[in-house]
Q: 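I'd like to ask you about the structure that follows.
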Amino acid sequence: KEGAAMPPKAAEVPASLGVVLIWVRRTERRKGLASAMLDAACGCLASIGAPPVPVEQVAFSQTTDMGSLFARRYIGQTHQGAVLQYTPVCT
């Protein structure tokens with residue numbers, strides 16, 4: 001539509017860890033497993049000498065409704081509760 005306002009461009013912030021997929025069996029959900037897996041991934045870099053990835057540098061790809069809910073709960077009030085999103089790039 002001519003003259004339609006474009007949505008504001010999201011601010012770009014650095015992300016050190018991109019989450020494409022976290023899956024937990026339905027019967028095992030709500031037990032903290034997804035958070036534990038993500039915490040482990042954030043800490044993995046420390047084993048090779050890099051600092052752990054802080055929660056404010058975790059980004060998520062396109063999520064389902066449940067995935068978005070998990071992401072918002074995981075990041076808490078980081079970035080005013082907004083979930084960082086990225087598009088995975090295949091090379």
Q: Minimum heavy-atom separation for I75 to A82, with atom names?
A: CD1-O, 3.0 Å
Q: How many angstroms lie between OG in S68 and CD in Q62, if you round to the nearest 0.5 Å?
A: 10.0 Å
Q: With sequence neighbours excluded, tell me which residues meet side-chain contact (heavy atoms from CB on, under 4.5 Å) with E56.
A: P54, T78, H79
Q: Given the rule that I, L, V, M, F, W and Y join up when any side-chain heavy atoms are under 4.5 Å apart, are L69 and V55 in one cluster?
A: no
Q: Taking atom CE as the centre, does M66 end up with more than 12 heavy-atom neighbours from other residues, nucleotides or ligands that are less than 6.0 angstrom away?
A: no
Q: Just list the side-chain donor-acceptor pairs under 3.5 Å for residues 13-28, sequence neighbours left out, or say none.
A:
unit_1	atom_1	unit_2	atom_2	d
S16	OG	Q57	OE1	2.5
E28	OE1	K31	NZ	3.1

Q: Do any pairs count as a ring pair (Phe, Tyr, Trp, His ring centres under 6.0 Å) and have a residue in residues 28-72, sequence neighbours left out, and if so which ones?
A: F70-Y74
